[in-house]
J.: 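Below is a structure I'd like to ask you about.
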Protein chains: 2
Amino acid sequence: MRTSRFPLSTLKEVPADAEIVSHQLMLRAGMIRKLAAGVYNWLPLGLRVLRRVEAIVREEMDRSGALELLMPAVQPAELWQESGRWEQYGPELLRIHDRHSREFCFGPTHEEVITDIARRELKSYKQLPVNFYQIQTKFRDEIRPRFGVMRAREFLMKDAYSFHLDQASLHETYEVMFETYSRIFQRLGLDFRPVQADTGSIGGAVSHEFHVLAESGEDAIAFADAGDYAANVELAEAVPPAGERPAPGREMATVDTPGQHTIEAVSAFLGVDPEQTIKTLLVQGEAENDVIALVLRGDHELNAIKAEKLPGIATPLTFASDEAVRAATGASPGSIGPVGLKIRTLVDHAAAQLADFVCGANQDDKHLTGVNWGRDLPEPETADLRNVVAGDPSPDGKGTLSIVRGIEVGHIFQLGTKYSEALGATVLDEAGREAVMLMGCYGIGVSRVVAAAIEQNHDTAGILWPEPIAPFRVALCPMNMKKSEAVREAAEKLYREMLDAGIDVLFDDRDIRAGVMFADMELIGIPHRIIIGDRNLEQGLVEYKAGRSREAEFLRLDQVVQRFA
Amino acid sequence: MRTSRFPLSTLKEVPADAEIVSHQLMLRAGMIRKLAAGVYNWLPLGLRVLRRVEAIVREEMDRSGALELLMPAVQPAELWQESGRWEQYGPELLRIHDRHSREFCFGPTHEEVITDIARRELKSYKQLPVNFYQIQTKFRDEIRPRFGVMRAREFLMKDAYSFHLDQASLHETYEVMFETYSRIFQRLGLDFRPVQADTGSIGGAVSHEFHVLAESGEDAIAFADAGDYAANVELAEAVPPAGERPAPGREMATVDTPGQHTIEAVSAFLGVDPEQTIKTLLVQGEAENDVIALVLRGDHELNAIKAEKLPGIATPLTFASDEAVRAATGASPGSIGPVGLKIRTLVDHAAAQLADFVCGANQDDKHLTGVNWGRDLPEPETADLRNVVAGDPSPDGKGTLSIVRGIEVGHIFQLGTKYSEALGATVLDEAGREAVMLMGCYGIGVSRVVAAAIEQNHDTAGILWPEPIAPFRVALCPMNMKKSEAVREAAEKLYREMLDAGIDVLFDDRDIRAGVMFADMELIGIPHRIIIGDRNLEQGLVEYKAGRSREAEFLRLDQVVQRFA
């Protein structure tokens, strides 16, 4: 391709409304343009990358034996009513009325539609297992779309759905998908990690997320230094501390803590470590007006997903209002604690291990010191309530945990019978009995992968594409082609030879300064550059640079093609 | 692919709600399934065909120098308001509100979005010409979707939009697209014809449609037997008859025609040819309460598109109510005629050529015979008002016209400045002046091509795919594989060899009767069949059948691969 026929739309300035680096670079490189909030045009340069990701995903899905189909974007409300999600899904579901006032949605996912297909087309266990997939445009009406295509409303997704007679078969296909996803992200040239994950609103029992590792990732991932354990921090179990709780060493005392309403403030004021304090959070119970106390060590964070799963706690997790806190404790939220509390109290394992700790006194601007479980208040009812932190023991007993940031680009689920039960998707088993099919589902955010790849691979000059998804593999950069007939001839000849050899080359035939040309090629991230200049040409040489290497290599003109062939 | 891993969803019965053969066969072959009115799932078999069409379209568009991009399905109302189409488009435009009550539509076409991209990204004449295309899902909220994917609401389209500094450049790209479309439909293996066409609501001056010829086609196409002329009947000019009008030979007389209100009835009743009668149609004029008479020869059909383009006639063409007809003529619509009429009367050239004709008398149940222009009523104001018919002279003077039926699968337009003017899409020309860009647009109904291919290529047994778009090229049909180890071994070996040679083969490894297997393979339309049976195997032979040939050819086992390589 020639830049004279492939207009680059590079920008010098960082667009003001782009917060993360992938969004900035995709705009600056001319890969995407915003059409509306969370809705993007893919310009030719960006689409080349998107199509490469798509092609690798398709090849590996085909290789796994999955069958590609294509379901519509527009889905009838009736199917979502059958599954119960028409009500549950909330405003992220873009609801549509057609000209006859019939209700539809722009599909954010396709469990209902595929289960409808399965119940019509699959009649016998002999047709199982089967795994259908599509690469298709979806829409989620995010309340605050941001970060470009990382969290867009309209996006391209690969979604697959498998159907099984029994759990063993589901497990087997799940393993195949696990391997397939690992191969896909390897082939895409990304540093990634599969982690155990929460199944969230999709449902099901077992699931893994695939994360592209990047400092800017929205998710925290815990992984063991001495084994295979890796899990989203949302899910990672905090192992209860080993050993006995220390014996009480101090008497409980009430101290004034005027205006000190956070753990940091109270710790500093009293000169104690946050690890020696506890914090108490009041959340709504399932029953109306029921309030439950959650108690954590001062330096730990509440894990809302773990808390939601505990019996008696309202879903989604909702904090009690200031009024409800005062009604239950007699104090405002910055001064509350478990001592003398009359409501149900759940205590994280780490907080339950403390002796002589500091907590709120349930009187405004007062705290208690030297508090001890079993002496000043009852022995605690314990639970796993917190996010793991670096240094925690790994749940599988192999070493300790580290925390890294990741961007979720894939998610595989063992769904079970959630949708097949609701929609009545059954087959006849070997004995001729109707059996509800088990399902798995497997997603990859195809457009998100492009952004995640950039978050992981960039520098101050621009994008550093992994070679398998670079928009072009080689940039051919002639210097002063307009003035030098020798350069023009050599460049045109080399370009034709590279095309003939099937090398994916971008020939920058614009009449621009070398600095501008190099800046563009570095911004759009072409992995290999061939620079043709008069001086080197006299010796039959061209300059070659790989990636961001400052060091040039010199190639004879007749070596260039074989170098990339 | 093995049928044990690629479940066929063939149906024996013709689905009741499928009116046309392509819809019936796509359902019966298991290519598509209806999800909602005009909204279809593409099952794996159907998607293979769709992807093949898509691949050929993409290859040829790339070869033409067009640049692929991807615009969103969801488009903001603001752009459609800028072009004026938010109001004009009517209920076919699926309007959407997001969670913030902002207005969007599910794009039925992308002129607005691409013009918005062009006005932002194209600044200089040096970037022109450029031709952007996408292959993308669109939605048109048809009032009565029908005929399966032939006239679906959600459909896959290739749309391209080119930008130019001047008409010469637009013309050049238009010619390239004309050639590209011709190559695409040739490569798809379809019998097609490009024809001059009306530009309709898209706008612009010059356009051609590409039609797949099929008896079931919705469009009538006129083409000359002695030249290149071909046009949609909507557009085809009816050449005024040569020569003088015959002289009057009879006196005008009023005759009773009780209950005879159609041309057929009146002609039969009076014993005259319909060619010797005229019919008079009253339509609304542009001014309120204005009614205009259109006069045609009795055997001719009104061409609404031609009539709409005449000055003074309301658009869209609207027939006057019975009350308005009576007010203007004194009679009901079955008895009206031009004699004594006080309203503006436009007469088709052919009707103006008649002498001694029959027409309504403007009295209920009475007609006039022996009527003559210039004697019994004024010399007519003539216009081209009718559809051409077979035998009419070709407008280019080369022979006479024939009429065939076609299915419109492609349409190319010289749009001019309609959208670039409305949205202010300008570039700087060589003199540094702002110039509004000229545009062309070029569409192919990718999903419709699949249905059109079937309309053109089928028989009573099923689909007869043109080889370039067949879902599989070769069917490998073992007979009684479960009972014969020799057949199984030969089939498995041949299958592996064919896969290794890159031959696209469907291995029917189901344990079913030969008749069922052959019926399925004929229904889904695999062009080549290899049948492996015990008796032939003993001689080292397999049976080969091409298409629907009844005659078998016998191939040695070691000849099969080379036959298809």
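Residue numbers start from 1 in every chain, and the chains themselves are labelled A, B, ... in the order their sequence lines are given, proteins ahead of strands. Predicted model only: the values in this text are computed from it and were never measured.
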J.: Counting only heavy atoms closer than 4.5 Å, note whether L35(A) contacts chain B via side chain, backbone, both or neither.
T.: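 For L35(A), heavy atoms of backbone and side chain both lie under 4.5 Å from chain B.
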J.: Suppose we call two aromatic rings close when their centres sit under 6.0 Å apart. Are F507(B) and Y495(B) close by that rule?
T.: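 Centroid separation for F507(B) and Y495(B): below 6.0 Å.
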J.: Checking R510(A) against chain B: side chain, backbone, both or neither under 4.5 Å from a heavy atom?
T.: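 Contact with chain B: none, neither part.
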J.: So for L93(A), is it side chain, backbone, both, or neither that comes closer than 4.5 Å to the heavy atoms of chain B?
T.: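 No part of L93(A) comes within 4.5 Å of chain B.
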J.: Which one of V39(B), L70(B), I32(B) has the most heavy-atom pairs closer than 4.5 Å to chain A?
T.: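 Of V39(B), L70(B), I32(B), L70(B) has the most heavy-atom pairs under 4.5 Å with chain A.
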J.: With chain A, which of R95(B), R51(B), E92(B) has the greatest number of heavy-atom pairs at distances under 4.5 Å?
T.: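 When all of R95(B), R51(B), E92(B) are compared, R51(B) has the most.
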J.: Give the member of M71(B), K126(B), E121(B) that has the highest number of heavy-atom pairs under 4.5 Å with chain A.
T.: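 Most heavy-atom pairs under 4.5 Å with chain A: E121(B).
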J.: Would you mind checking which part of V130(A) comes under 4.5 Å of any heavy atom in chain B, side chain (CB onward), backbone (N, CA, C, O), both or neither?
T.: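 Only the side chain of V130(A) comes within 4.5 Å of chain B.
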J.: With a 4.5 angstrom heavy-atom cut-off, which part of F104(A) approaches chain B: side chain, backbone, both or neither?
T.: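 For F104(A), the contact with chain B is made by the side chain alone.
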J.: Count the heavy-atom pairs under 4.5 Å between each of P7(B), G30(B), A73(B) and chain A, then report the option with the highest count.
T.: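 Most pairs with chain A among the choices: A73(B).
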J.: So Y133(B) and Y161(B), ring-ring contact (aromatic ring centres under 6.0 Å, His included) or not? Walk me through it.
T.: CA-CA 6 Å; Y133(B) 81 98; Y161(B) 308 89; over 10 Å; no
J.: Considering only heavy atoms, which portion of N131(A) lies under 4.5 Å from any heavy atom of chain B: side chain, backbone, both, or neither?
T.: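 N131(A) has no heavy atom closer than 4.5 Å to chain B.
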J.: Looking at I96(B), I117(B), L122(B), V74(B), which makes the most heavy-atom pairs under 4.5 Å with chain A?
T.: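 It is V74(B).
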